[in-house]
Amino acid sequence: MVDALGVAVVGFGWMGRVHTRAYARLPHHYPRLPLRPELITVAEEVPGLAEEAAERYGFASATRDWREVAADPRVRAVSVTAPNFLHREIGVAMARAGKHLWIEKPVGLSGADARAVADAAAGAGVQTAVGFNYRNAPAVESARELIASGGIGRVTHARVRLLSDYAAHPDSALTWRYERERGGSGVLGDLASHGADLAYFLLGDIASLAADTAVFVPERSRPAGATAGHTLAAGGERGPVENEDYVSCLLRFASGARGVLEACRVSVGEQNNYGFEVHGTEGAVFWDFRRMNELRVSRGGTYQDQPVSTVYVGPGDGEFAAFQPGAANAMGYDDLKVVEAYRFLRSVAEGKPYGATLTDAVRAAAVLDAMTVSAGGRGWVELPVS
């Protein structure tokens with residue numbers, strides 16, 4: 001027997017649409033999941049957008065006020081896909097209202113914000129999921145297993161990179177994303193949060209770090225009206241960019257391994273260049289999001305001139321079998337969010353966590369806070385190790 005689970009989506013930009021499509025696809029990929037999401041309501045403050053979303057995607061109702069979602073007894077689970085500065089207020093309210101919570105990273109603007117949401121969820125006894133989608137790639141899960149099994153020997157050093165050009169245009173509109181009060185730490189929250197999660201997922205606790213940050217596009221044009229995505233606003237009044245375009249960070253892992261994490265939102269010529277390289281005493285493993293279903297692996301005992309092979313993930317890797325029947329059939333970005341939705345609803349059904357949770361969000365936020373402190377002149381900053 002399959003039970004209906006009333007769900008709502010708060011915030012209906014691109015990510016709100018991604019979450020909604022993920023809910024809709026769950027029965028196709030996971031027919032044995034004992035919960036079937038039912039789209040109850042969508043909340044979005046931009047006039048007319050919630051109603052449009054309800055008509056297009058089949059929500060039963062629409063509202064401009066997310067507080068109505070918290071009060072709605074039909075809603076048992078909520079996706080929070082609103083801008084970062086709203087994560088804490090909405091997340092805490094939904095958790096206290098007893099709603100299971102699927103919330104996008106970075107869960108607020110600071111470690112304090114992430115902890116507040118996590119504490120509220122723990123106090124209410126609700127299940128949580130966080131949008132660290134890159135760890136859901138079957139190739140990434142396969143790499144984790146290879147590393148944990150000693151397949152490349154003892155890890156010596158690693159690099160995690162997240163380079164993109166979404167903010168590279170000097171006429172990009174000066175939206176909330178570039179303000180300290182509403183956008184937080186800029187590229188740290190946007191991209192480096194994913195890097196911090198991948199580093200932990202693959203290699204364990206970060207014991208200490210030293211970071212450097214920079215703003216390369218110091219001014220942008222204020223938009224004349226509402227904006228969506230990374231729109232241009234040429235000719236408008238110029239205003240200052242208050243948060244970071246770039247971060248580079250040296251990492252020391254509790255295992256003794258060393259690492260580098262680099263993220264940039266203004267990298268001309270780079271489109272979603274996300275990935276990692278992990279080196280060990282006997283081999284190495286490499287992953288590039290743009291070739292999401294491949295791993296490059298070096299294993300053996302020759303050390304010098306050791307070859308690197310390309311391995312295509314298949315049904316034995318992660319959740320690949322829920323999407324494709326054989327190796328080298330490609331999965332895409334939206335599939336990673338379907339995996340995330342599945343693990344969220346499985347957590348609700350079974351009463352125990354699967355996938356990334358608010359615990360992971362708090363851990364990643366602590367890394368971002370340490371980066372900010374280090375870049376402010378503190379040098380190496382230590383982090384708590386579990």
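The analysis underlying the following values was restricted to heavy atoms, covering all of them including side chains, and did not include hydrogens, waters or symmetry mates.
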Check your understanding: Taking only residues two or more places apart in sequence or in another chain, which ones pass salt bridge (charged side-chain N to carboxylate O under 4.0 Å, His left out) with Arg135?
Key -> Asp197, Asp360
**Study point:** Carboxylate-amine/guanidinium proximity below 4.0 Å for Arg17 and Asp334
**Key:** no
Check your understanding: So with a 6.0 Å cut-off around CZ of Arg96, is the heavy-atom count from everything else above 12?
Key -> no
Review point. Are any side-chain N or O atoms of Thr156 and backbone N or O atoms of His279, one a donor and one an acceptor, separated by less than 3.5 Å?
Key: yes
Check your understanding: Quick check: does any side chain N or O of Asn293 sit under 3.5 Å from a backbone N or O of Met331, one acting as donor and the other as acceptor?
Key -> yes
Point to revise | Main-chain N/O of Leu163 paired with Ser267 side-chain donor or acceptor, under 3.5 Å | key: no
Review point. Can you name the closest pair of heavy atoms from Leu358 and Ala118 and give their distance?
Key: CD1-CA, 3.8 Å
Exercise for review: Check whether Leu202 and Phe289 end up in the same hydrophobic cluster, where Ile, Leu, Val, Met, Phe, Trp and Tyr are linked by side-chain heavy atoms less than 4.5 Å apart.
Suggested key: yes
Practice item. Give the C-alpha distance, both sets of side-chain angles, the deciding distance and a yes or no for side chain to side chain donor-acceptor pair (under 3.5 Å) between Ser298 and Gln306. Key: CA-CA 7 Å; Ser298 178; Gln306 185 163 288; 3.0 Å; yes
Check your understanding: Going through the checks in order, is the salt bridge (Lys or Arg N to Asp or Glu O under 4.0 Å) test met by Glu270 and Arg265?
Key -> CA-CA 9 Å; Glu270 300 282 12; Arg265 64 188 181 187; over 6 Å; no
**Study point:** Side-chain heavy-atom pair Val215, Asp245 within 4.5 angstrom cut-off
**Key:** yes
Review point. Would Glu340 and Asn136 count as a side chain to side chain donor-acceptor pair (under 3.5 Å) if you check the C-alpha gap in whole Å, the side-chain angles of each, and the deciding distance to 0.1 Å?
Key: CA-CA 7 Å; Glu340 207 165 276; Asn136 296 328; 3.3 Å; yes
Practice item. Using a cut-off of 6.0 Å, state whether more than 12 heavy atoms not belonging to Arg21 lie near its atom CZ. Key: yes
Practice item. Using atom types as modelled and distance alone, determine if a side-chain donor or acceptor of Arg220 lies under 3.5 Å from a backbone N or O of His169. Key: yes
Check your understanding: Quick one: are Ser79 and Tyr23 in side-chain contact, heavy atoms under 4.5 Å?
Key -> yes
Practice item. Could you check Leu295 against Ser142 for side chain to side chain contact (heavy atoms under 4.5 Å, CB included), going step by step and ending with a plain yes or no? Key: CA-CA 9 Å; Leu295 280 179; Ser142 181; 3.9 Å; yes
**Study point:** Sidechain-backbone polar pair: Thr357 side chain, Ala129 backbone, donor-acceptor under 3.5 Å
**Key:** no
Point to revise | Within 6.0 Å of CZ in Arg182, more than 12 heavy atoms from elsewhere | key: yes
Exercise for review: Salt-bridge test for Arg161 and Glu277: reply yes if a basic N is under 4.0 Å from a carboxylate O, no otherwise.
Suggested key: yes
Side-chain donor-acceptor distances from residues 250-264 under 3.5 Å, at least two apart:
from: Ser255; atom 1: OG; to: Ala257; atom 2: N; distance (Å): 3.3
from: Arg258; atom 1: NH1; to: Gly256; atom 2: O; distance (Å): 3.0
from: Glu262; atom 1: OE1; to: Arg159; atom 2: NH2; distance (Å): 3.3
from: Glu262; atom 1: OE2; to: Tyr246; atom 2: OH; distance (Å): 2.8

Exercise for review: Would you list the pairs meeting salt bridge (charged side-chain N to carboxylate O under 4.0 Å, His left out) in which at least one residue belongs to residues 298-321, sequence neighbours left out?
Suggested key: Glu319-Arg343
Check your understanding: Do any N or O atoms from the side chain of Ser149 and from the backbone of Glu145 form a donor-acceptor pair under 3.5 angstrom?
Key -> yes
Exercise for review: Flag the pair Val339 / Tyr30 as yes when at least one side-chain heavy-atom distance between them is below 4.5 Å, and no otherwise.
Suggested key: yes
Per-pair distances, 0.1 Å, donor-acceptor, side chain in residues 81-90, under 3.5 Å, sequence neighbours excluded:
from: Thr81; atom 1: OG1; to: Val10; atom 2: O; distance (Å): 3.2
from: Thr81; atom 1: OG1; to: Gly11; atom 2: O; distance (Å): 2.5
from: His87; atom 1: ND1; to: Glu104; atom 2: O; distance (Å): 3.4
from: His87; atom 1: ND1; to: Val107; atom 2: N; distance (Å): 3.3
from: His87; atom 1: ND1; to: Gly108; atom 2: N; distance (Å): 3.1
from: His87; atom 1: NE2; to: Ala82; atom 2: O; distance (Å): 2.9
from: Arg88; atom 1: NH1; to: Asp113; atom 2: OD1; distance (Å): 2.9
from: Glu89; atom 1: OE2; to: Arg67; atom 2: NH2; distance (Å): 3.2

**Study point:** Side-chain (His100) to main-chain (Gln127) donor-acceptor, under 3.5 angstrom
**Key:** yes
Exercise for review: State whether a side-chain donor-acceptor pair under 3.5 Å links Arg363 with Ser386.
Suggested key: no
Check your understanding: Taking the side chain as C-beta and beyond, is there a heavy-atom pair between Ile152 and Glu282 under 4.5 Å?
Key -> no
Exercise for review: Please answer: with hydrophobic residues joined when any side-chain heavy atoms are less than 4.5 Å apart, are Val348 and Val130 in the same cluster?
Suggested key: no
Exercise for review: Please step through side chain to side chain contact (heavy atoms under 4.5 Å, CB included) for the pair Thr41 and Val75, ending with a clear verdict.
Suggested key: CA-CA 8 Å; Thr41 190; Val75 175; 4.1 Å; yes
Check your understanding: Where do Tyr333 and Asn272 land on the side chain to side chain donor-acceptor pair (under 3.5 Å) test, with the steps shown first?
Key -> CA-CA 11 Å; Tyr333 176 88; Asn272 297 339; over 6 Å; no
Check your understanding: Yes or no on side chain to side chain contact (heavy atoms under 4.5 Å, CB included) for Val367 and Met371, after CA distance, side-chain angles and deciding distance?
Key -> CA-CA 6 Å; Val367 173; Met371 288 180 183; 3.8 Å; yes
Exercise for review: Output yes when a side-chain donor or acceptor of Lys105 lies under 3.5 Å from a complementary backbone atom of Asp190, and no otherwise.
Suggested key: yes
Review point. Do the non-hydrogen side-chain atoms of Glu294 and Trp287 ever get within less than 4.5 Å of each other?
Key: no
Review point. Does a donor on one side chain and an acceptor on the other come within less than 3.5 Å for Tyr178 and Ser172?
Key: no
**Study point:** Min side-chain heavy-atom separation Val268-Asp165 under 4.5 Å
**Key:** no
Check your understanding: Is there side-chain contact between Val247 and Asp212, with heavy atoms separated by less than 4.5 Å?
Key -> no
Check your understanding: With the 4.5 Å side-chain cut-off for hydrophobic clustering, are Leu162 and Phe286 part of the same group?
Key -> no
Check your understanding: What are the two closest non-hydrogen atoms of Ser164 and Leu191, and how far apart are they?
Key -> CB-CD1, 4.4 Å
Review point. Excluding sequence neighbours, so at least two apart, what forms side-chain hydrogen bond (donor to acceptor under 3.5 Å, both in side chains) with Gln324?
Key: none
When the side chains of residues 44-57 are checked against the rest of the protein, which donor-acceptor pairs come out under 3.5 Å, sequence neighbours left out?
from: Glu44; atom 1: OE1; to: Phe12; atom 2: N; distance (Å): 2.8
from: Glu44; atom 1: OE2; to: Val46; atom 2: N; distance (Å): 3.1

Check your understanding: For the hydrophobic clusters of this structure (ILVMFWY residues joined by side-chain heavy atoms under 4.5 Å, transitively), does one cluster hold both Tyr312 and Met292?
Key -> no
Review point. CD of Glu219: more than 12 outside heavy atoms within 6.0 angstrom?
Key: yes
Check your understanding: What pair of heavy atoms forms the shortest contact from Leu26 to Pro37, and how long is it?
Key -> CD1-CG, 4.0 Å
Exercise for review: Indicate yes or no: at least one non-hydrogen side-chain atom of Thr213 is less than 4.5 angstrom from one of Leu188.
Suggested key: yes
Review point. Would a hydrophobic clustering, with Ile, Leu, Val, Met, Phe, Trp and Tyr connected at side-chain separations under 4.5 Å, put Ile103 with Val69?
Key: yes
Practice item. Could you walk me through whether Arg238 and Ser221 pass the side chain to side chain donor-acceptor pair (under 3.5 Å) test, one step at a time? Key: CA-CA 4 Å; Arg238 304 291 282 183; Ser221 296; 3.0 Å; yes
Point to revise | Full working for side chain to side chain contact (heavy atoms under 4.5 Å, CB included) between Asp335 and Arg25 | key: CA-CA 9 Å; Asp335 296 331; Arg25 290 176 57 193; 2.5 Å; yes
Check your understanding: Can any side-chain N or O of Thr281 pair as donor or acceptor with the backbone N or O of Arg154 at less than 3.5 Å?
Key -> yes
